[in-house]
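What follows is a short report on a single structure.
Each residue takes its place number in the sequence, starting with 1. In each ligand, atom 1 is the first atom listed, and ligand 1 is the first ligand listed.
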Amino acid sequence: MARRTASLLTHWSARVFSVEFNGAPDYFAIQDKHRGEPAPQVFRKVQSSDRCYSLLVCSSDRIRRAKFYAELKDKLLRSLPAECELSPMSSFLPHVKDSLIKGYFLKANPGDSLPTERLLRDLIQSESLLVCSYLKCENSRQWTQRLWTHTGSSVMSKEYCVVPTDAPDYHPSTLNIINSDVFYSFEEAHQVLRKCGDIIPEATSVLELLPSRAEARSKPDFPVIVIEGLDATGKTTLTQSLRDTLGAVLLPSPPQCLSPWRARFDQEPPLIRRAFYALGNYITAEQIVQEGMKTPVIVDRYWHSTASYAIATAVSGPPCNLPAEGSEVYRWPRDLLQPSLVVLLTLDPEERKRRLRDRGQGKTEEEQELDHNQLFRLKVEEAYRRISGPACVTVDAGPSADQVLQQVLILIRDKCQL
Ligand SMILES: Nc1ncnc2c1ncn2[C@@H]1O[C@H](COP(=O)(O)OP(=O)(O)OP(=O)(O)O)[C@@H](O)[C@H]1O
Ligand SMILES: Nc1ccn([C@H]2C[C@H](O)[C@@H](COP(=O)(O)O)O2)c(=O)n1
């Protein structure tokens, strides 16, 4: 049995389970005996004749786990009877970092339980998956959880009672952010790309473009100014004007040399995709050092973007689920060159939409998500504000392009003595 599965089973009864319906989580735990507790909320919404199942992805290899989790949803949606309901589910040890295990909760009508169980028996052959079924106790409103064996033909002898439990102090999706969604050193991100070289050949090409060491040997003589913000807040417009006004060099991020591989990595699960973007910052840092010896450098997006988009995607639900201000999640990577100033452009959402419409260009999936999902946009902006070392200085991008430029020039003169 895989190492992660074994450790999961050791802590099985200390684990909390969370099922999300329309973004709202319901939490439950398991215990040996029922002590008269009501059924958890999630089961009270289920007809007693319905069958429920949980599928938790638990491979010990994090690359395989990330790939399998992403593929599992597609597989379930393709193969399950249409009436089956699929909700995001997770299991975790409260307060224990990296203990989050993600998966899905299935609800099937009695008529669909045969094809559903046939599919689950196939899937359980994979060592990466733990399957449980949930049954209502006869003559009571209580539910039990049974863990399936790897053969899928029978259930484990132990049966657990399902009981409601309080929401944890920290949202479970925050437990695994460090080194799964956000990488705090060159080595951590590099390790992910090295390990996926055999399944993603493009990773090898990216690795060849990376600097040999992350730590900048020297600091640039000239100021380095990063411009951040959601899409269509005016970063391109402002960075080009700053370049022209200050006689600076403008560096895009991710760097141009990664363009051929970007679309490929955008298709990958967060672990791999975020490692790609994190490494892009180290290439940019090397370019900053080279150019910053000769002129001021303006950078269009950098670490704040990498971390904020990753955190906002990893944390489900509203911005109050984000790790609290001051959390280690918002710290700057110890080996990444720090800019002299980071400016965050903010814009009224309606004006941002108007500018997006006027621009009329195709949008990436994440940009479309920003458009449709107000919560996601709020989380990205809040994460931007919480990142420290350096923290960003917020500038309202609502006024005319020239007014925004003048305001940022004043900031640069104040903070960078330019
Ligand atoms: N201050 C401004 N007032 C009005 N319109 C602006 C202003 N700044 C930029 N725009 C217009 O808004 C649109 C988006 O601007 P821009 O492309 O500079 O944003 P961006 O932040 O670089 O977007 P993305 O990240 O998606 O590339 C463009 O059509 C641009 O001409
Ligand atoms: N340094 C960077 C730059 C960009 N990203 C990610 C964050 C978004 O997913 C997307 C936005 O880029 P744009 O559409 O403006 O080119 O790219 C990042 O993670 N790190």
Handout entry: Contact check, D231 vs ligand 2, heavy-atom distance below 4.0 Å
Key = no
Completion exercise
Under 4.0 Å from one or more heavy atoms of T236, ligand 1 contributes atoms 17 (O), 18 (O), 20 (P), 22 (O), 27 (O)
Problem - Non-hydrogen atom of E228 closer than 4.0 Å to ligand 2 - result: no
Handout entry: Polar atom proximity, S253 to ligand 2 (N or O, under 3.5 Å)
Key = yes
Handout entry: Electrostatic pair K235:D300 at N-O distance under 4.0 angstrom
Key = no
Problem - contact_flag G280 ligand 2 heavy-atom lt 4.0 Å - result: no
Problem - Per-atom contacts of ligand 1 with R301, taking only distances under 4.0 Å to non-hydrogen atoms - result: 25 (O)
Problem - Within-shell test, R262 vs ligand 2, heavy atom, strictly < 4.0 Å - result: yes
Exercise for the section: Flag the pair K97 and E328 as a salt bridge only when some basic side-chain nitrogen lies within less than 4.0 angstrom of an acidic carboxylate oxygen. Expected result: yes
Handout entry: ligand 1 atoms in contact with A397 (distance to a heavy atom under 4.0 Å)
Key = 1 (N)
Problem - Per-atom contacts, ligand 1 versus K235 - under 4.0 Å to a heavy atom - result: 18 (O), 19 (O), 20 (P), 21 (O), 22 (O), 23 (O), 24 (P), 25 (O)
Handout entry: N or O pair under 3.5 Å between T237 and ligand 1
Key = yes
Problem - Those residues that, when tested against R354, pass side-chain contact (heavy atoms from CB on, under 4.5 Å) (two or more places apart) - result: E351, R357, D358
Fill in the blank from the handout: The atoms of ligand 1 lying under 4.0 Å from a heavy atom of T233, numbered in the order shown, are 19 (O), 21 (O)
Exercise for the section: Please indicate whether any nitrogen or oxygen in R274 is less than 3.5 Å from any nitrogen or oxygen in ligand 2. Expected result: no
Exercise for the section: Looking only at distances, please establish whether an N/O atom of ligand 2 is found under 3.5 Å from an N/O atom of Y309. Expected result: no
